[in-house]
Amino acid sequence: MTLVTKPFGDIITFTRASGGGRFNSSGVYEWVGNNVPRFDYDPVTLQPLGLLIEEARTNLLTYSEQFDYVIWGKSGITVTPNVVAAPDGAVSADKLVESAANGSHQVFSGAKSISGGSAVLSVFLAKRPDSRLMAITIRRNGEALNLTTTFSYIDALTGAVTFERPGFATTVNALGDSWWRVSVVATGIVSTAEIFIRTAAVSGNTWHAGDGTSGIYIWGAQLEAGAFPTSYIPSTDTWISRASTATYFDAAGVMQTAA
(Lines give C-alpha, C1' and ligand atoms only; values in the text may rest on other atoms or scores of the structure.)
Protein backbone atom coordinates (compact mmCIF):
# COMPACT_ATOMS: atom_id res chain seq x y z
CA MET A 1 0.00 0.00 0.00
CA THR A 2 1.37 3.37 -1.01
CA LEU A 3 0.72 6.32 1.26
CA VAL A 4 -0.21 9.37 -0.75
CA THR A 5 0.23 12.76 0.85
CA LYS A 6 -1.16 16.05 -0.37
CA PRO A 7 -0.52 19.66 0.62
CA PHE A 8 -2.98 20.99 3.19
CA GLY A 9 -4.31 23.53 0.67
CA ASP A 10 -5.29 20.72 -1.72
CA ILE A 11 -7.46 19.06 0.93
CA ILE A 12 -9.17 21.92 2.72
CA THR A 13 -10.19 25.49 1.99
CA PHE A 14 -8.70 27.68 4.73
CA THR A 15 -9.02 31.43 5.10
CA ARG A 16 -8.17 33.97 7.80
CA ALA A 17 -8.26 37.68 7.01
CA SER A 18 -5.26 38.50 9.21
CA GLY A 19 -2.04 37.08 10.53
CA GLY A 20 -1.92 34.89 13.62
CA GLY A 21 0.53 33.50 16.15
CA ARG A 22 1.54 29.94 17.00
CA PHE A 23 4.41 27.94 18.49
CA ASN A 24 6.34 26.22 15.71
CA SER A 25 8.01 22.80 15.77
CA SER A 26 11.11 24.35 17.41
CA GLY A 27 9.06 25.79 20.29
CA VAL A 28 9.45 29.37 19.03
CA TYR A 29 6.49 31.72 18.94
CA GLU A 30 5.99 33.12 15.46
CA TRP A 31 3.50 35.25 13.55
CA VAL A 32 2.28 33.86 10.23
CA GLY A 33 0.52 35.76 7.47
CA ASN A 34 -3.03 35.99 6.19
CA ASN A 35 -4.64 32.68 5.19
CA VAL A 36 -1.69 30.64 6.51
CA PRO A 37 -2.87 27.67 8.63
CA ARG A 38 -1.41 27.62 12.14
CA PHE A 39 -0.19 24.15 12.98
CA ASP A 40 0.57 24.56 16.67
CA TYR A 41 3.14 22.71 18.82
CA ASP A 42 3.63 22.26 22.53
CA PRO A 43 6.52 24.66 23.31
CA VAL A 44 7.94 22.32 25.98
CA THR A 45 7.58 18.82 24.49
CA LEU A 46 7.50 20.02 20.85
CA GLN A 47 4.66 17.59 20.20
CA PRO A 48 2.21 18.65 17.45
CA LEU A 49 -1.12 19.97 18.73
CA GLY A 50 -2.88 20.24 15.39
CA LEU A 51 -4.53 23.11 13.57
CA LEU A 52 -5.07 26.12 15.84
CA ILE A 53 -8.59 27.52 15.44
CA GLU A 54 -9.59 30.65 17.36
CA GLU A 55 -12.25 33.32 17.31
CA ALA A 56 -11.46 36.92 16.41
CA ARG A 57 -9.74 38.93 19.13
CA THR A 58 -7.96 42.29 19.49
CA ASN A 59 -5.01 43.17 21.70
CA LEU A 60 -6.19 46.41 23.33
CA LEU A 61 -2.67 47.30 24.48
CA THR A 62 -0.22 49.17 22.29
CA TYR A 63 3.55 48.64 22.41
CA SER A 64 2.91 45.22 23.91
CA GLU A 65 6.62 44.33 24.04
CA GLN A 66 8.14 47.75 24.72
CA PHE A 67 7.54 48.48 28.40
CA ASP A 68 10.11 51.27 28.33
CA TYR A 69 7.90 53.23 25.94
CA VAL A 70 6.07 56.29 27.25
CA ILE A 71 2.65 54.69 26.72
CA TRP A 72 3.35 52.53 29.79
CA GLY A 73 2.96 54.33 33.12
CA LYS A 74 5.68 53.60 35.67
CA SER A 75 5.96 53.97 39.43
CA GLY A 76 8.94 52.93 41.56
CA ILE A 77 10.42 51.01 38.68
CA THR A 78 12.74 51.39 35.70
CA VAL A 79 12.62 49.34 32.54
CA THR A 80 15.75 47.84 31.00
CA PRO A 81 14.76 46.90 27.45
CA ASN A 82 15.87 43.92 25.39
CA VAL A 83 17.69 42.00 28.11
CA VAL A 84 17.03 38.34 27.35
CA ALA A 85 15.62 36.20 24.55
CA ALA A 86 11.84 36.21 24.40
CA PRO A 87 9.55 33.31 23.35
CA ASP A 88 9.86 34.52 19.73
CA GLY A 89 13.62 33.92 19.83
CA ALA A 90 14.60 37.59 19.63
CA VAL A 91 16.41 39.40 22.46
CA SER A 92 13.38 41.60 23.08
CA ALA A 93 12.22 40.78 26.61
CA ASP A 94 12.45 43.60 29.17
CA LYS A 95 13.41 43.63 32.82
CA LEU A 96 11.35 45.69 35.27
CA VAL A 97 13.85 46.76 37.94
CA GLU A 98 12.38 47.94 41.23
CA SER A 99 13.73 51.10 42.87
CA ALA A 100 15.11 51.13 46.42
CA ALA A 101 12.13 53.16 47.63
CA ASN A 102 9.46 51.71 49.90
CA GLY A 103 6.25 51.50 47.89
CA SER A 104 4.71 49.91 44.82
CA HIS A 105 6.93 49.02 41.86
CA GLN A 106 4.84 48.74 38.73
CA VAL A 107 4.02 49.41 35.10
CA PHE A 108 0.43 50.07 34.14
CA SER A 109 -1.83 50.96 31.24
CA GLY A 110 -4.49 53.60 30.73
CA ALA A 111 -8.17 52.65 30.77
CA LYS A 112 -9.45 50.65 27.77
CA SER A 113 -13.08 50.22 26.78
CA ILE A 114 -14.28 46.62 27.00
CA SER A 115 -17.25 45.13 25.19
CA GLY A 116 -18.87 41.88 26.22
CA GLY A 117 -18.52 42.14 30.00
CA SER A 118 -15.31 40.14 30.60
CA ALA A 119 -11.62 40.95 30.11
CA VAL A 120 -8.41 38.92 30.01
CA LEU A 121 -4.88 40.08 30.81
CA SER A 122 -1.96 37.88 29.82
CA VAL A 123 1.79 38.44 29.95
CA PHE A 124 4.89 36.29 29.53
CA LEU A 125 7.07 35.96 32.64
CA ALA A 126 10.64 34.62 32.65
CA LYS A 127 12.28 32.49 35.32
CA ARG A 128 15.56 34.16 36.29
CA PRO A 129 17.73 33.98 39.47
CA ASP A 130 17.02 37.57 40.54
CA SER A 131 13.29 37.44 39.82
CA ARG A 132 10.72 38.72 42.29
CA LEU A 133 7.15 37.57 42.58
CA MET A 134 4.87 39.15 40.01
CA ALA A 135 1.57 40.69 41.06
CA ILE A 136 -0.93 41.40 38.28
CA THR A 137 -4.49 42.62 38.09
CA ILE A 138 -7.19 44.12 35.94
CA ARG A 139 -8.81 47.17 37.47
CA ARG A 140 -12.46 47.16 36.45
CA ASN A 141 -14.42 50.37 35.96
CA GLY A 142 -12.03 52.49 38.03
CA GLU A 143 -12.30 50.36 41.19
CA ALA A 144 -9.92 50.98 44.11
CA LEU A 145 -6.82 48.78 44.32
CA ASN A 146 -5.97 46.97 47.53
CA LEU A 147 -2.36 45.88 48.11
CA THR A 148 -3.47 42.34 48.81
CA THR A 149 -6.91 41.27 47.70
CA THR A 150 -7.09 42.86 44.24
CA PHE A 151 -3.91 41.22 42.89
CA SER A 152 -2.93 37.70 41.87
CA TYR A 153 0.64 36.71 42.81
CA ILE A 154 2.84 34.42 40.71
CA ASP A 155 6.24 32.99 41.68
CA ALA A 156 8.54 33.59 38.71
CA LEU A 157 10.85 30.75 39.74
CA THR A 158 8.23 28.00 40.13
CA GLY A 159 5.24 29.32 38.17
CA ALA A 160 3.02 28.77 41.23
CA VAL A 161 0.05 31.04 41.86
CA THR A 162 0.71 31.93 45.51
CA PHE A 163 -2.41 34.07 45.89
CA GLU A 164 -5.37 34.48 43.57
CA ARG A 165 -7.57 37.54 43.49
CA PRO A 166 -11.08 36.49 44.61
CA GLY A 167 -13.45 36.26 41.67
CA PHE A 168 -10.64 36.15 39.09
CA ALA A 169 -9.34 33.08 37.26
CA THR A 170 -5.53 32.94 37.23
CA THR A 171 -3.61 30.46 35.09
CA VAL A 172 0.09 29.85 34.41
CA ASN A 173 1.19 27.83 31.38
CA ALA A 174 4.75 26.55 31.12
CA LEU A 175 6.65 27.38 27.94
CA GLY A 176 10.11 26.54 26.73
CA ASP A 177 13.35 28.24 27.84
CA SER A 178 12.11 28.98 31.39
CA TRP A 179 9.15 31.12 30.35
CA TRP A 180 5.59 31.13 31.66
CA ARG A 181 2.48 32.70 30.20
CA VAL A 182 0.35 34.15 33.00
CA SER A 183 -3.31 35.08 32.52
CA VAL A 184 -6.04 36.55 34.69
CA VAL A 185 -9.70 36.66 33.67
CA ALA A 186 -12.05 39.30 35.08
CA THR A 187 -15.65 38.25 34.62
CA GLY A 188 -18.84 40.16 35.31
CA ILE A 189 -19.67 43.63 34.10
CA VAL A 190 -16.47 45.21 32.81
CA SER A 191 -16.91 48.40 30.78
CA THR A 192 -13.36 49.75 31.21
CA ALA A 193 -10.17 47.98 32.21
CA GLU A 194 -6.69 49.02 33.28
CA ILE A 195 -3.85 46.61 33.93
CA PHE A 196 -1.15 46.70 36.61
CA ILE A 197 2.01 44.57 36.63
CA ARG A 198 4.01 44.82 39.87
CA THR A 199 6.93 43.21 41.62
CA ALA A 200 6.37 41.79 45.09
CA ALA A 201 8.80 40.66 47.78
CA VAL A 202 6.28 38.40 49.53
CA SER A 203 2.95 37.00 48.45
CA GLY A 204 -0.01 39.15 49.41
CA ASN A 205 1.78 42.50 49.60
CA THR A 206 2.97 44.60 46.68
CA TRP A 207 4.24 47.40 48.96
CA HIS A 208 7.89 46.89 49.81
CA ALA A 209 11.36 48.44 49.72
CA GLY A 210 13.17 47.37 46.58
CA ASP A 211 16.89 46.67 46.36
CA GLY A 212 17.53 48.53 43.10
CA THR A 213 18.56 45.41 41.17
CA SER A 214 15.86 42.73 41.47
CA GLY A 215 12.74 42.65 39.37
CA ILE A 216 10.86 40.61 36.79
CA TYR A 217 11.50 39.75 33.15
CA ILE A 218 8.43 40.16 30.96
CA TRP A 219 7.34 40.18 27.34
CA GLY A 220 4.16 40.27 25.31
CA ALA A 221 1.33 41.84 27.33
CA GLN A 222 -2.20 41.42 26.03
CA LEU A 223 -5.60 42.75 27.12
CA GLU A 224 -8.57 41.30 25.27
CA ALA A 225 -12.32 41.31 25.68
CA GLY A 226 -13.46 37.75 26.36
CA ALA A 227 -13.85 35.07 29.00
CA PHE A 228 -10.62 33.14 28.25
CA PRO A 229 -7.13 33.94 26.91
CA THR A 230 -6.20 33.36 23.28
CA SER A 231 -2.88 33.31 21.46
CA TYR A 232 -0.67 36.35 21.77
CA ILE A 233 -1.18 39.22 19.29
CA PRO A 234 1.86 41.56 19.17
CA SER A 235 1.21 45.30 18.78
CA THR A 236 3.15 48.52 18.31
CA ASP A 237 1.51 51.94 17.95
CA THR A 238 -2.01 50.66 17.20
CA TRP A 239 -4.27 47.90 18.42
CA ILE A 240 -3.84 44.71 16.41
CA SER A 241 -6.63 42.22 15.67
CA ARG A 242 -6.57 38.56 14.70
CA ALA A 243 -9.45 37.50 12.48
CA SER A 244 -11.34 34.27 13.03
CA THR A 245 -10.75 31.30 10.80
CA ALA A 246 -13.48 31.33 8.20
CA THR A 247 -13.80 27.72 7.05
CA TYR A 248 -12.45 24.36 8.13
CA PHE A 249 -13.40 20.69 8.40
CA ASP A 250 -14.22 19.23 11.82
CA ALA A 251 -13.20 15.73 13.02
CA ALA A 252 -16.19 14.21 11.23
CA GLY A 253 -15.17 15.78 7.95
CA VAL A 254 -17.97 18.36 8.02
CA MET A 255 -17.25 21.88 6.82
CA GLN A 256 -17.64 24.41 9.66
CA THR A 257 -17.56 28.18 9.89
CA ALA A 258 -15.79 29.75 12.87
CA ALA A 259 -17.51 32.36 15.01
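Since this is a predicted model, take the numbers as computed values, not measurements.
- Remark: the Ser109 side chain and the Trp72 side chain contain no N/O donor-acceptor pair separated by less than 3.5 Å.
- Looking at Thr199 and Glu98, their side chains do bring a donor and an acceptor atom within 3.5 Å of each other.
- For the pair Ser235 (side chain) and Ile240 (backbone), a donor-acceptor distance under 3.5 Å is absent.
- No donor-acceptor pair closer than 3.5 Å links the side chain of Asp177 to the backbone N or O of Val28.
- The existence of a salt bridge linking Glu143 and Arg165 is confirmed by a sub-4.0 Å separation between a basic side-chain nitrogen and an acidic carboxylate oxygen.
- In this structure the side chain of Met134 reaches within 4.5 angstrom of the side chain of Ile136, judged on heavy atoms.
- We find that Glu30 and Arg22 are joined by a salt bridge, their nearest charged nitrogen and carboxylate oxygen being less than 4.0 Å apart.
- Residues Val172 and Val161 have side chains in contact (heavy-atom distance under 4.5 Å, counting atoms from C-beta outward).
- For the pair Arg57 and Phe228, the distance from NZ or CZ to the six-membered ring centre is under 6.0 Å and the angle to the ring normal is within 45 degrees.
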### Task
Go through Thr137 and Phe168 one step at a time and tell me if the side chain to side chain contact (heavy atoms under 4.5 Å, CB included) criterion holds.
CA-CA 9 Å; Thr137 195; Phe168 277 32; 4.1 Å; yes
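- Val79 and Val70 fall within a single hydrophobic cluster, where Ile, Leu, Val, Met, Phe, Trp and Tyr side chains are chained together by heavy-atom contacts under 4.5 Å.
- Of the N and O atoms on the side chains of Ser244 and Glu55, not one donor lies less than 3.5 Å from an acceptor on the other residue.
- Between Glu54 and Arg38 there is a salt bridge, since a side-chain N of the basic residue sits under 4.0 Å from a carboxylate O of the acidic one.
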### Query
So Val202 and His208, side chain to side chain contact (heavy atoms under 4.5 Å, CB included) or not? Walk me through it.
CA-CA 9 Å; Val202 295; His208 67 282; over 6 Å; no
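- With no hydrogens or angles considered, no side-chain donor-acceptor pair links Ser122 and Ser183 at under 3.5 Å.
- Residues Phe23 and Tyr29 bring their aromatic ring centres within 6.0 Å.
- Salt bridge present: Lys95 and Asp130 bring a charged side-chain N and a carboxylate O closer than 4.0 Å.
- In this structure the side chain of Glu194 never reaches within 4.5 angstrom of the side chain of Phe108, judged on heavy atoms.
- A distance-only check finds a donor-acceptor pair linking the side chain of Ser131 to the backbone of Arg128 [under 3.5 Å].
- Taking OG of Ser18 as the start and CZ of Arg242 as the end, the distance is 7.5 Å to the nearest 0.5 Å.
- Ring pair Tyr217/Phe124: centre-to-centre distance not below 6.0 Å.
- Cluster annotation: Tyr41 is not connected to Val32 through the hydrophobic network of ILVMFWY side chains, with a link wherever side-chain heavy atoms come within less than 4.5 Å.
- Counting only heavy atoms from C-beta outward, the side chains of Phe39 and Pro48 never approach each other to under 4.5 Å.
- For the pair Asn59 (side chain) and Ile233 (backbone), a donor-acceptor distance under 3.5 Å is present.
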### Query
Between Val84 and Trp179, is a side chain to side chain contact (heavy atoms under 4.5 Å, CB included) present by the stated rule, with each step listed?
CA-CA 11 Å; Val84 295; Trp179 281 93; 4.2 Å; yes
### Query
When you look at Arg140 and Thr192, which way does the side chain to side chain contact (heavy atoms under 4.5 Å, CB included) test go after all the steps?
CA-CA 6 Å; Arg140 303 171 295 185; Thr192 63; over 6 Å; no
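- In this structure the side chain of Gln222 never reaches within 4.5 angstrom of the side chain of Leu121, judged on heavy atoms.
- Checking Glu224 against Tyr232 by side-chain atom types alone, no donor-acceptor pair falls below 3.5 Å.
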### Task
Could you walk me through whether Trp239 and Thr62 pass side chain to side chain donor-acceptor pair (under 3.5 Å), step by step?
CA-CA 6 Å; Trp239 298 352; Thr62 54; 5.5 Å; no
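- The main-chain N or O of Ser214 is never found under 3.5 Å from a side-chain atom of Arg132 such that the two would form a donor-acceptor pair.
- When atom types are taken as modelled, the side chain of Trp180 and the backbone of Ala156 share a donor-acceptor pair closer than 3.5 angstrom.
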